[in-house]
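Reviewing the structure listed below.
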Amino acid sequence: MEKEKITLPIGGNKALIFEADPANKEEQDFAKLCKDVAATKPQSLQDFFIRLNDLQQKQSTGVGRKKGRKI
C-alpha cells in the first residue's frame, strides 16, 4: 500500500514532508496533530516541534485519567 505524503509548511520557504500509512491509525493520528500544528503557521522548525510537543502534552494529560468516587 502506498503511503500518503503530507506536506507541512514551516515559515515562508520550508516544509516538512511526513509519509503516513493510511492503514496505520497511530500514523494517521500523528499526521492530524502535525497538520493542526502547521495550521498555526510556525516560523521555524524549532517552533513547529515546540508547538507539537505542547499539543501532545495537552492530549496526554486528558487521556487515561479516570474520575472515581472518593470515599
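One is the number of the first residue; the rest follow in order along the sequence.
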Side-chain (Gln43) to main-chain (Lys41) donor-acceptor, under 3.5 angstrom: yes
Nearest-0.5 Å distance that lies between atom SG in Cys34 and atom CZ in Phe49: 7.5 Å
Sub-4.5 Å side-chain heavy-atom contact between Asn24 and Phe30: no
For Ala20 against Ala31, the heavy-atom pair lying closest together: CB-CB, 4.4 Å
Residues Asp36, Lys32; criterion salt bridge (Lys or Arg N to Asp or Glu O under 4.0 Å); working and verdict: CA-CA 6 Å; Asp36 291 346; Lys32 183 180 180 329; 3.2 Å; yes
Flag side-chain contact, heavy atom, 4.5 Å: Gln28 against Glu4: yes
Side-chain heavy atoms of Glu19 within contact of Ile6, under 4.5 Å: no
Common cluster, Leu52/Ile50, ILVMFWY with side-chain heavy-atom separation under 4.5 Å: no
Check ion pair Arg51-Asp47 (N to O, under 4.0 angstrom): yes
For Phe18 against Glu27, the heavy-atom pair lying closest together: CE2-O, 3.7 Å
Nearest heavy atoms of Ala38 and Phe48, plus distance in Å: N-CE1, 4.1 Å
Trace of the side chain to side chain contact (heavy atoms under 4.5 Å, CB included) decision for Ile17 with Leu8: CA-CA 6 Å; Ile17 298 176; Leu8 307 164; over 6 Å; no
Closest non-hydrogen atom pair, Ile10 against Leu45: CG2-N, 3.7 Å
